[in-house]
Amino acid sequence: MATERYNAPDRERYWQHVWEKSQIFRASEDKARPKCYVLEMFPYPSGRIHMGHVRNYAMGDVFARYKRAKGFNVLHPMGWDAFGMPAENAAMERKVDPGTWTYANIDTMRGQLKSMGLSLDWSREIATCTPTYYKHQQKLFLDLLKKGLAYRKSSKVNWDPVDHTVLANEQVIDGRGWRSGALVEQRQLTQWFFKITDYAEELLSDLDTLVNWPEKVRLMQANWIGRSDGMLVRWALDKKTAPKGFSEVEVYTTRPDTLFGASFLAVAADHPLAKAAAENNPELEAFCEECRRMGTSVAEIEAAEKRGFDTGIRAIHPFDKDWELPVYVANFILMDYGTGAIFGCPAGDQRDMDFARRYGLPVVPVILPPDKDAATFELKDTAYTDDGTMINSRFLDGLTTKAAFEETAQRLETQKLGRKPQGARKVNFRLRDWGISRQRYWGCPIPVVHCKTCGVVPVPEKDLPIKLPEDATFDKPGNPLERHPTWKHVNCPKCGEPATRETDTMDTFVDSSWYYVRFTAPEAATPVDVDAAHYWLPVDQYIGGIEHAILHLLYSRFFARAMCDTRHLSFATNTREPFAALFTQGMVTHETYKSPEGFWMLPGDVRLEGEGAHRRAVEIATGRQVTIGATEKMSKSRKNLVDPDDIIAHYGADCARWFMLSDSPPERDVIWTEAGVAGAGRFIQRIWRIVDEIAETFPGPLGARPESFGPEALEIRKAAHRALDQVGRAIEALRFNVAVANIHEFANVLHSALSQSGPDIAWAAREAGAFLVTMIGPMMPHLAEECWARLGYNTLVANEPWPAVEPDLLVDDQVTIAVQVNGKRRDELVISRSAKSEDVEAAALKLGSVLRALDGRQPKKVIVVPQRIVNVVG
RNA sequence: GCGGACGUGGUGGAACCGGUAGACACACAGGACUUAAAAUCCUGAGAGGGUGACCUCGUGAGGGUUCGAGUCCCUCCGUCCGCACCA
C-alpha cells in the first residue's frame, strides 16, 4: 500500500522532459479541426518572472490545455517584448550592453517559464529585439508610410526628462511618464506619428462587436476615443477690431442649441487669432506665454483658475448682426481639441459660468429645467447642463433641447444671415494620432534617411533590416544613436549624396501591436504569412493585465486594421478585431512588513504568529516586532515579493498554479499567503493518495463495463460525471476558482466512497479516477501525468480527450425541493423528479411543519415550481 | 466633477434565468492515530434563543415590486478603478 509522497519538483522535471521530447504542443495548421488561438500578453524580459506572470500564464495554460482536450487545434505561443528603457538603464548603471542584458534575461525567464510546465509551442518563440523580428516591423512601417498612415510633423510633445524621450498621450499618467514617473514637460519637436485617428470611428463603433471583452475595457476605450457630435460654427469678426487677414473665427460646439446664451468667444493661447492679436500687444503676448507655460502638468491644471484676456476683437452673432461679443484668449481652451476656439455660454457650461462671473460677463439662462417655473427660474453660480425647454432664445423658445439643436443646426447650415456666418455638422474625437518617435537606442530603428536635397527618403526594402549598432555608448544621457560616430552617416538612397539616418526609434508599443500576428508564422520571409494568419486569427482568448486596457489593446486594434489596409492581413471574420475575447486578470498581492526603523521587509525575513487581534509579525533574525502593513500589489519597492522559483523548487509548479487558480475569482486580486500555498500542497498529496488508493484497490484498466450498477456505484458515477461537466463549464467561462471548488467536492465524494467494494464499484472507481485526473490535467498537468501513469495508462493525459459526459447521470430521479410557507423555508421534500405539481402540492400540505406554520389557516394559494420549490401562501 | 464596478460568516469566496444563502477552501475548535510532533482521518461551526425535534434574525443602510429578492427597481452610505478644463 501507501506509495510515498508525491515528489513534485522531481516528477515535474521528468514530465516536462517527456512533453518536450514528444513535441506535443507544437501547433500546425489543420483545417480538419476547429482552431483555438490562446494567448497571454507576452512578458517584458526584466530579469525574472514574478507572481503576476505565474497567474497570467497559469490561466492561459488551463484554457489552452482544456481546449486541446476538447478537440481544438490549439496555438499557444510565447515570446518577449524585448525592447525598452530598462535595458538601457542597465547599460548606463552596470555598463552591460542592452542586448546582452536582454538576452540573458530571456534565457533566465525562459527557463523559469519552462519550469511552470506550460503547454507552449516554444518553436514559435520570438523576441521583438531581434533583427529577424524588427526587420519586418520596418517593412510594415514603410508600407504605412506609403499609405499615408505614418507621417512626420512638428508638434508639442510630452517630454520625459528622466528617460530623455517623448511619450505618447496614452503614456502620460497624471502628468507623469508611465515608466519613469517624472513630471512630463511640453516640448516642440518634429516627430513620427501613426494616423490612428483615421480609424477613430471604426475603433469606436467596433467596440460593440467585442461582446467577449470586459465591459469595463470597452468603456475605457470608448472614453479614450471620446467621440462627440457637434457643429463647427463660423463667427464673423468685426472688421474694425480684427487683426489683418482675419475675418472670422471657427468654433466647435456640441451645444448649438445654447447659441443664444452666448456671452463671449474664447480661443487658445496657441490659436492663430491669439498669436495675431498678440503681435502688437505685449500684455496679451505675456498672457499667452503664461498660458503656454501652464498646462505642463495636470496638477497645475487642476489648481488653475479660469483666466482670460480680452483681445479687443469683437465677433458678430451668427443670428444677429447687431450683437457683438468679446473675443478672449483663455487659459482653459485646448488648442488640440475641436478648433481651439469656443463660444462661451455661461448658463449651460460650468467653465463658462466661472469665467463669466470672474469677468462680469452676462449670464442668460436659455434652458429651463423641466421642474422649474419660467417666472422664478434663475441661475446663481452653477450652470444647468441638462435638457429642458428653451427660453430667451428667440425662434427656439419653447422647443426641447434636442429640437433646438436640430433647428439651430439646420439654420446654420442653410441660412446666410449677417456677414457669412455658417456652420457644418462635425464629429470630433478626443483621440490624437499616436506619436511613435522615441529618442532612445534600444528600440526598432525607423527606416528612413534624411537628405538635404531629397528630404525624407524611405530606406529601400532590400536594405532592411536597419540594424542597431552594437558599439553604442551609454555613459551620458541622450540618444546613443544620435551621438554614435558613424551609424547615422549614410548616403541618400535616392541621390547618393551624404545624408543622415533617422535616429528616432519606434515606441515599444509598436512591437507589441502585431506580435500576435507574427506568432502565426514566426519564420515567414514577409512580415505575415497571409494564409497562416487567416487560419489562426483572431486570437480566440487573450489574457492579460487591466493596465493595458487602453494602450496596448487600442494600438493593436489600430494595427490590425492598418495591416489589413496595407494588405498584410485579412481576417476570416467580418470584423478586423485581433482579439475576439479578452480576459483581464487581477493582480497578485501580499501583505507588507516594516521594520521598527520603517524599512520595508521581505516576507521571507518575517515570521507570523498568533491570529485575529493577536496576530503579529517578528523579524526571524532578531525577534524584533515587525509592523504588518496593507496588502498591496507585489512590488520591488515594497519588498512584498515571493519568488516563483522558491515556490516551484519547494512545492512544485502545480502547487503554485493551483493556488493561483483557487479561491479568488480570476478577475479579482488574489492575496498570496503562505498558508494558502501550503493548503494547495496538501491537496496535491490528497489527490495522489486518492489515485494511489484507486490504483491499489481496483487495479487494471477500465475493462468491460458492468451490465448494471448498484446504487453506491451509481452515486460515484453521478458525482464523476457531474464534476466533469461542471469543471468543463467553469474552465470554459474562465471561472477557475469555481472549477477548483468542484474538483474539491468531487475528491471528497470519491475519497469517502473508496471503502466500498464490488465489481461495479471497481469499474466506477476506475472511471472516476480517470475523470479526476483528466479534470485536474489543465491546472496541475504534472501531477495529472503522474496519476495517469499510476492508474496504468501508458499514454499522456495531455493528449487525452476530455471524456464525454453521460447526460443521464447528471439528473437524479429524486429531487429535494424546499417547502416554504409565506416565503419562509419550513421544510424540504424528497420527491420524484417527474412528480406532478398536484402531487407535490399534496405532499407539501401534508407536512407537519407546514401545518404548524399555517397554524390552522387554510392555504390561499400554493405555488409549485417543478424540481425547485413549493410555496404555500396562507 | 463625470463614468464604471463592487459591498455575502473570523477570512477568500459559492449561489444557473428571481426559487433551500453561506457550496468549496483557509483559519479555528474538539476527537482519533502517535512516546511526541508533523502528516493523515473523523466531527463541529452565520448570529441570537431553547434541554429538545425547533424558533427569531441575517447578503452595506432604507424603501419598493413579487407567492418568493444576495439577485430586479429607487434613494443613500462606503470601497476600488478609469477619465478629467474635450466646449
Side-chain angles (χ1 to χ4, degrees), chain A residues 2 5 173-174 214-224 226-228 230 251-255 258 266 295 298 301-302 304-306 330-334 336-345 348-352 354-355 385 428-432 546 549-550 611-613 615 659 662-665 667-671 673 675-676 678-680 682-683 685-686 689 726 729 735 737-748 751-752 816-829 848-849 852-853 859-874:
Chain A
R5 285 170 64 82
I173 295 149
D174 289 340
E215 182 63 28
K216 182 185 176 158
V217 175
R218 292 195 286 166
L219 244 154
M220 281 165 74
Q221 291 218 354
N223 289 339
W224 189 266
R227 183 195 148 110
S228 68
V251 309
Y252 176 70
T253 179
T254 55
R255 298 296 301 272
T258 64
V298 169
I301 287 172
E302 274 175 27
E305 287 178 85
K306 308 271 171 296
N331 64 349
F332 64 98
I333 308 302
L334 305 172
D336 59 2
Y337 190 78
T339 60
I342 61 139
F343 79 80
C345 172
D349 185 293
Q350 192 55 49
R351 292 158 301 174
D352 298 346
D354 296 346
F355 192 81
T385 55
N428 206 50
F429 293 95
R430 206 188 77 111
L431 184 70
R432 302 270 79 92
I546 186 76
I550 296 172
E611 58 172 288
R615 196 160 170 278
F659 174 69
S662 311
D663 292 349
S664 291
E667 68 279 8
R668 276 193 229 171
D669 291 353
V670 63
I671 305 171
T673 62
R682 281 198 300 274
F683 185 66
Q685 298 301 335
R686 182 172 163 85
R689 280 194 306 274
Q726 288 171 332
R729 283 172 206 268
R735 304 189 57 195
N737 58 322
V738 177
V740 164
N742 291 331
I743 290 173
H744 269 289
E745 208 168 357
F746 175 47
N748 289 343
H751 173 80
S752 43
T816 307
I817 63 176
V819 180
Q820 296 180 336
V821 177
N822 291 328
K824 277 205 171 67
R825 183 185 165 277
R826 293 291 167 184
D827 209 334
E828 57 186 35
L829 201 57
S849 49
R852 225 176 312 129
K860 288 192 198 116
K861 190 154 84 163
V862 179
I863 287 149
V864 179
V865 182
Q867 296 160 38
R868 284 213 178 270
I869 206 164
V870 186
N871 191 8
V872 180
V873 185

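Chain letters run A, B, ... following the sequence lines, proteins first and then strands; every chain starts at 1. Remember, predicted model here, so these are calculated numbers, not experimental data.
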Inset, instruction - Just say parallel, tilted or perpendicular for the rings of Tyr252(A) and Tyr337(A), cut-offs at 30° and 60°. - result: perpendicular
Legend entry - Pairwise C1' distance, rG12(B) and rC33(B) [rounded to whole Å]: 31 Å
Legend entry - Exam field: side chain Gln867(A) to backbone Ile817(A), donor-acceptor pair closer than 3.5 Å: no
Inset, instruction - Grab the two heavy atoms, one from Phe343(A) and one from Arg255(A), that are nearest each other, plus how far apart they are. - result: CZ-O, 3.8 Å
Legend entry - Watson-Crick or G-U wobble partner of rA45(B), both distances under 3.5 Å: none
Inset, instruction - For the pair Arg432(A) (side chain) and Phe429(A) (backbone), establish whether a donor and an acceptor sit closer than 3.5 Å, ignoring hydrogens and angles. - result: yes
Inset, instruction - To the nearest Å, give me how far apart CZ (Arg735(A)) and C1' (rC24(B)) are. - result: 13 Å
Legend entry - Nearest-nucleotide pick for Leu219(A), side chain only, options being rG4(B), rA14(B), rG19(B): rG4(B)
Inset, instruction - Both distances under 3.5 Å, Watson-Crick or G-U wobble: report the partner of rG19(B), or none. - result: rC67(B)
Inset, instruction - Compare side-chain N and O positions of Arg689(A) against OP1 and OP2 of rC41(B) and report whether any pair is under 4.0 Å apart. - result: yes
Inset, instruction - Give a yes or no on whether the backbone of Gly823(A) and the side-chain of Asn871(A) come within a donor-acceptor separation of less than 3.5 Å. - result: yes
Legend entry - Sole residue of Ile869(A), Thr816(A), Val819(A) in side-chain contact (heavy atoms from CB on, under 4.5 Å) with Glu828(A): Thr816(A)
Legend entry - Ala341(A) to Ile333(A) - nearest heavy-atom pair and separation: N-CG2, 4.2 Å
Inset, instruction - Grab the two heavy atoms, one from Pro859(A) and one from Val872(A), that are nearest each other, plus how far apart they are. - result: CB-CG1, 3.7 Å
Inset, instruction - Could you tell me which non-hydrogen atom of Thr385(A) sits nearest to which non-hydrogen atom of Gly348(A), and how far apart they are? - result: CG2-O, 3.3 Å
Legend entry - Protein-nucleotide distance (Arg668(A), atom CZ; rG7(B), atom P), rounded to Å: 6 Å
Legend entry - C1' spacing across the pair rG10(B) / rA45(B), given as an integer number of angstrom: 11 Å
Legend entry - Distance in angstrom units between Phe659(A) CZ and rC26(B) C1', rounded: 9 Å
Inset, instruction - Enter syn or anti for the glycosidic conformation of rG9(B), syn applying to angles within 90° of 0. - result: syn
Inset, instruction - Identify which nucleotide among rA87(B), rG13(B), rA39(B) has an atom closest to any side-chain atom of Asn737(A), counting heavy atoms from C-beta outward. - result: rG13(B)
Inset, instruction - Confirm from the modelled atom types if Arg686(A) and rC41(B) form a donor-acceptor pair under 3.5 Å, side chain to base only. - result: no
Inset, instruction - Taking atom C1' in both rC6(B) and rG13(B), compute the distance separating them and give it to the nearest angstrom. - result: 14 Å
Inset, instruction - From the options rA87(B), rA27(B), rG19(B), select the nucleotide whose nearest atom is closest to the side chain of Tyr337(A). - result: rA87(B)
Inset, instruction - Could you check which nucleotide pairs with rU35(B) in any of the strands shown, counting Watson-Crick or G-U wobble with both distances under 3.5 Å? - result: none
Inset, instruction - Among rA87(B), rC85(B), rC86(B), find the nucleotide with the atom closest to the side chain of Thr253(A). - result: rA87(B)
Legend entry - Sugar-phosphate, base or nothing in reach of Arg218(A), heavy atoms under 4.0 Å: nothing
Inset, instruction - Tell me the partner of rG78(B), counting only Watson-Crick (N1-N3 plus N6-O4 or O6-N4) or G-U wobble (N1-O2 and O6-N3) with both under 3.5 Å; none if nothing fits. - result: rC6(B)
Legend entry - Anti/syn call for rC17(B), syn if |chi| within 90°: syn
Inset, instruction - Between rU40(B), rG3(B), rG13(B), spot the one nearest the side chain of Asn223(A), thanks. - result: rG3(B)
Inset, instruction - Counting Watson-Crick and G-U wobble pairs only, both distances under 3.5 Å, name the nucleotide matched with rC83(B), or none. - result: rG1(B)
Legend entry - Interatomic distance, Ile863(A) CD1 vs rC67(B) C1' [rounded to whole Å]: 3 Å
Legend entry - Touch class at under 4.0 angstrom, heavy-atom based, for Thr816(A) against every strand present: base
Inset, instruction - Under 4.0 Å between any heavy atoms, over every strand shown, what does Ile333(A) touch: base, sugar-phosphate, or nothing? Just pick one. - result: base
Inset, instruction - Take atom CD1 of Ile869(A) and atom C1' of rU66(B), then tell me their distance rounded to the nearest Å. - result: 13 Å
Inset, instruction - Provide the distance between the two C1' atoms, one in rA47(B) and one in rC2(B), to the nearest whole Å. - result: 41 Å
Inset, instruction - Could you check Ser664(A) against Gly340(A) and say which one's nearest nucleotide on RNA chain B is further toward the 5' end? - result: Ser664(A)
Inset, instruction - Could you tell me whether Leu334(A) contacts a base, only the sugar-phosphate backbone, or nothing, with contacts defined as non-hydrogen atoms closer than 4.0 Å? - result: base
Legend entry - Spacing between Met220(A) atom CE and rA5(B) atom P, to the nearest angstrom: 14 Å
Inset, instruction - Check every atom of rA87(B), rA23(B), rC42(B) against the side chain of His751(A) and return the nucleotide holding the closest atom. - result: rC42(B)
Inset, instruction - Map Glu745(A) and Asp827(A) onto RNA chain B by nearest heavy atom, then report which one ends up closer to the 5' terminus. - result: Asp827(A)
Inset, instruction - Considering just the side-chain nitrogens and oxygens of Arg430(A), establish if one lies under 4.0 Å of OP1 or OP2 belonging to rA84(B). - result: yes
Legend entry - Same-atom distance (P) from rA36(B) to rC24(B), integer angstrom: 32 Å
Inset, instruction - With heavy atoms under 4.0 Å as the rule, sort Asn748(A) into base, sugar-phosphate or nothing. - result: sugar-phosphate
Inset, instruction - For Arg826(A), answer base if it contacts any base atom (sugar-phosphate contacts may also be present), sugar-phosphate if it contacts only those atoms, and nothing otherwise; contact means non-hydrogen atoms under 4.0 Å. - result: sugar-phosphate
Inset, instruction - With the side chain of Val865(A) defined as its heavy atoms from C-beta on, choose the nearest nucleotide among rG19(B), rC83(B), rG13(B). - result: rG19(B)
Legend entry - Presence of donor-acceptor pair under 3.5 Å, side chain of Lys216(A) and base of rC81(B): no
Inset, instruction - Once you apply the 3.5 Å cut-off to both distances, tell me the Watson-Crick or G-U wobble partner of rG52(B), or none. - result: none
Legend entry - Euclidean distance for P, rC74(B) against rA5(B) (whole angstrom): 12 Å
Inset, instruction - Look only at the side chain of Arg686(A) and the backbone of His751(A), and say whether a donor-acceptor pair between them is shorter than 3.5 Å. - result: no
Legend entry - Protein-nucleotide distance (Lys824(A), atom NZ; rC55(B), atom P), rounded to Å: 11 Å
Inset, instruction - Rounded off to whole Å, could you give me the CZ-to-C1' distance for the Arg729(A) and rA15(B) pair? - result: 15 Å
Inset, instruction - Please state the P separation for the pair rA21(B) and rC57(B) - nearest whole angstrom. - result: 13 Å
Legend entry - Base-pairing mate for rC24(B) - Watson-Crick or G-U, with both contacts under 3.5 Å: rG12(B)
Legend entry - Closest to the Ile550(A) side chain, choosing from rC83(B), rG4(B), rA87(B): rC83(B)
Inset, instruction - May I ask you to say what Thr254(A) touches in the nucleic acid, namely base, sugar-phosphate or nothing, with a heavy-atom cut-off under 4.0 Å? - result: sugar-phosphate
Legend entry - Nearest-nucleotide pick for Gln820(A), side chain only, options being rC41(B), rG19(B), rA23(B): rG19(B)
Inset, instruction - Answer yes or no: does a side-chain N or O of Arg682(A) lie under 4.0 Å from OP1 or OP2 of rC41(B)? - result: no
Legend entry - Out of rA87(B), rU20(B), rC83(B), whichever nucleotide has its closest atom nearest the side chain of Glu828(A): rU20(B)
Inset, instruction - Taking atom P in both rG18(B) and rC81(B), compute the distance separating them and give it to the nearest angstrom. - result: 31 Å
